[in-house]
Amino acid sequence: MRRFLAFFLAVCMISVLAACGAEGTGESSVSEGAEGSVADAETQSNAEGQTDTTADESGAENTDSASSGSNILVAWFSCTGTTEQIAEWVVNATGADSYEIVPEVPYTEDDLAYYTGGRADQEQADSSARPAISGGVENIEQYDVIFLGYPIWHGQAPRIISTFLEIYDFSGMTIIPFCTSHSSGIGSSAENLHSLCDDTVTWMDGRRFSGDAAEGDVAEWVEGLELPESEARTAGELGFETKTALLSRGYEMPI
């Protein structure tokens with residue numbers, strides 16, 4: 001009888017231990033599965049973030065310019081960052097709004113390789129070439145002064161600058177060009193842009209900056225310019241002569 005009870009108890013203990021072991025294995029399996037799902041989600045999230053960043057850097061997704069109410073806009077095109085740096089210093093010196101002219105199809109290193117028959121060579125050889133621009137400038141009419149920056153390509157402004165000038169109406173505004181180049185001066189690059197704008201546009205003499213220019217050089221140039229005084233009205237201001245009120249979005253509402 002005692003042997004039978006001992007045998008029965010042993011069988012029960014083995015059964016209990018087996019059941020516990022199975023439960024422990026099941027919990028471990030679920031836990032690993034959950035961690036795997038989180039890891040996959042994080043990997044996907046990181047991949048999506050990298051994709052977005054790449055799109056921003058390439059310029060494929062360019063948002064419209066944001067206005068701070070300034071009457072000065074600094075617009076620039078830059079592929080290597082040299083012109084962009086000068087543009088940022090012009091913004092610092094003037095407190096202007098800024099707008100980057102971003103190509104709808106970004107330029108690659110091969111596109112920019114001189115004398116290889118690449119994209120840049122082809123565009124500069126074709127005076128009618130007009131590369132598309134991604135994004136745009138909001139309320140261009142609020143600006144009195146446009147600083148226009150670009151690199152020198154084969155002695156001239158890149159054709160995308162022509163695209164920019166033909167998109168908007170700059171009537172009555174003042175345009176001040178500036179360029180970057182290791183050797184070539186601004187030369188005729190600015191003069192050749194005049195015909196793309198209305199005759200009422202005032203073109204001021206431009207300035208070339210080399211790759212090793214300093215912010216002080218840019219600030220000194222800007223300070224020496226005789227910029228036209230702002231005729232811009234602030235939001236909410238009433239125009240008694242025109243019988244309009246200027247709204248925050250830049251539109252004039254009859255009163």
Side-chain angles (χ1 to χ4, degrees), residues 48-67 72-91 96-140 143 146-170 173 175-182 184 186-197 201 206-211:
E48 291 174 352
Q50 292 172 357
T51 300
D52 291 344
T53 301
T54 302
D56 289 341
E57 291 175 351
S58 68
E61 296 294 335
N62 182 37
T63 57
D64 292 340
S65 66
S67 173
I72 302 175
L73 176 69
V74 178
W76 79 91
F77 167 68
S78 180
C79 280
T80 64
T82 304
T83 305
E84 179 179 13
Q85 179 63 84
I86 301 299
E88 290 177 353
W89 289 338
V90 175
V91 170
D97 292 340
S98 64
Y99 169 70
E100 181 179 8
I101 301 171
V102 177
E104 194 170 272
V105 179
Y107 290 89
T108 66
E109 290 185 8
D110 290 340
D111 291 337
L112 301 175
Y114 264 25
Y115 305 112
T116 62
R119 177 182 170 190
D121 287 349
Q122 294 176 24
E123 290 177 354
Q124 293 306 101
D126 181 5
S127 61
S128 65
R130 296 294 185 270
I133 295 175
S134 174
V137 180
E138 294 183 351
N139 303 327
I140 190 71
Y143 300 107
I146 309 290
F147 281 87
L148 182 61
Y150 53 85
I152 292 293
W153 286 5
H154 293 292
Q156 298 298 320
R159 298 301 179 194
I160 196 169
I161 297 298
S162 299
T163 306
F164 174 74
L165 291 175
E166 291 179 347
I167 288 177
Y168 303 100
D169 181 7
F170 297 97
M173 300 183 190
I175 299 180
I176 308 170
F178 62 93
C179 70
T180 57
S181 171
H182 292 293
S184 301
I186 196 166
S188 63
S189 68
E191 294 178 4
N192 291 338
L193 299 175
H194 293 188
S195 62
L196 302 176
C197 297
V201 171
R207 169 75 181 269
R208 165 196 168 266
F209 293 95
S210 63

Taking all non-hydrogen atoms of both residues into account, name the closest pair between [X] and [Y] and its distance.
{"X": "C197", "Y": "F170", "answer": "SG-CD1, 4.2 Å"}
{"X": "S98", "Y": "W76", "answer": "CB-CZ3, 3.6 Å"}
{"X": "Y150", "Y": "T83", "answer": "N-CG2, 3.5 Å"}
{"X": "T116", "Y": "A113", "answer": "OG1-O, 2.9 Å"}
{"X": "D111", "Y": "P106", "answer": "OD2-O, 3.9 Å"}
{"X": "I161", "Y": "G149", "answer": "CD1-O, 4.1 Å"}

Item to complete: Go through the steps for Q156 and S188 under the test side chain to side chain contact (heavy atoms under 4.5 Å, CB included), then give the verdict.
Response: CA-CA 7 Å; Q156 298 298 320; S188 63; 3.1 Å; yes
[X] side chain to [Y] backbone, donor-acceptor under 3.5 Å:
{"X": "T163", "Y": "A132", "result": "no"}
{"X": "D126", "Y": "Q122", "result": "no"}
{"X": "Y168", "Y": "V137", "result": "yes"}
{"X": "E123", "Y": "P131", "result": "no"}

Euclidean distance, [Y] [atom2] relative to [X] [atom1], rounded to 0.5 Å:
{"X": "I146", "Y": "L73", "atom1": "CD1", "atom2": "CG", "answer": "4.5 Å"}
{"X": "F147", "Y": "I86", "atom1": "CZ", "atom2": "CD1", "answer": "13.0 Å"}
{"X": "L193", "Y": "E166", "atom1": "CG", "atom2": "CD", "answer": "10.0 Å"}
{"X": "L165", "Y": "L148", "atom1": "CG", "atom2": "CG", "answer": "5.5 Å"}
{"X": "R208", "Y": "I152", "atom1": "CZ", "atom2": "CD1", "answer": "9.0 Å"}
{"X": "I176", "Y": "R207", "atom1": "CD1", "atom2": "CZ", "answer": "13.0 Å"}

Item to complete: Kindly check if the number of other-residue, nucleotide or ligand heavy atoms within 6.0 Å of CD (E109) is above 12?
Response: no
When you compare the side chain of [Y] with that of [X], does any pair of heavy atoms fall below 4.5 Å?
{"X": "I140", "Y": "M173", "result": "yes"}
{"X": "R159", "Y": "S127", "result": "yes"}
{"X": "F77", "Y": "Y107", "result": "yes"}
{"X": "W153", "Y": "C79", "result": "yes"}

Worksheet item: Aromatic rings Y114 and H154: how do their planes relate, parallel, tilted or perpendicular, breaks at 30° and 60°?
Response: parallel
Practice prompt. Could you give me the CA-CA distance, side-chain angles and deciding distance for Y143 and Y99, then say whether side chain to side chain contact (heavy atoms under 4.5 Å, CB included) is met?
Written response: CA-CA 12 Å; Y143 300 107; Y99 169 70; over 6 Å; no
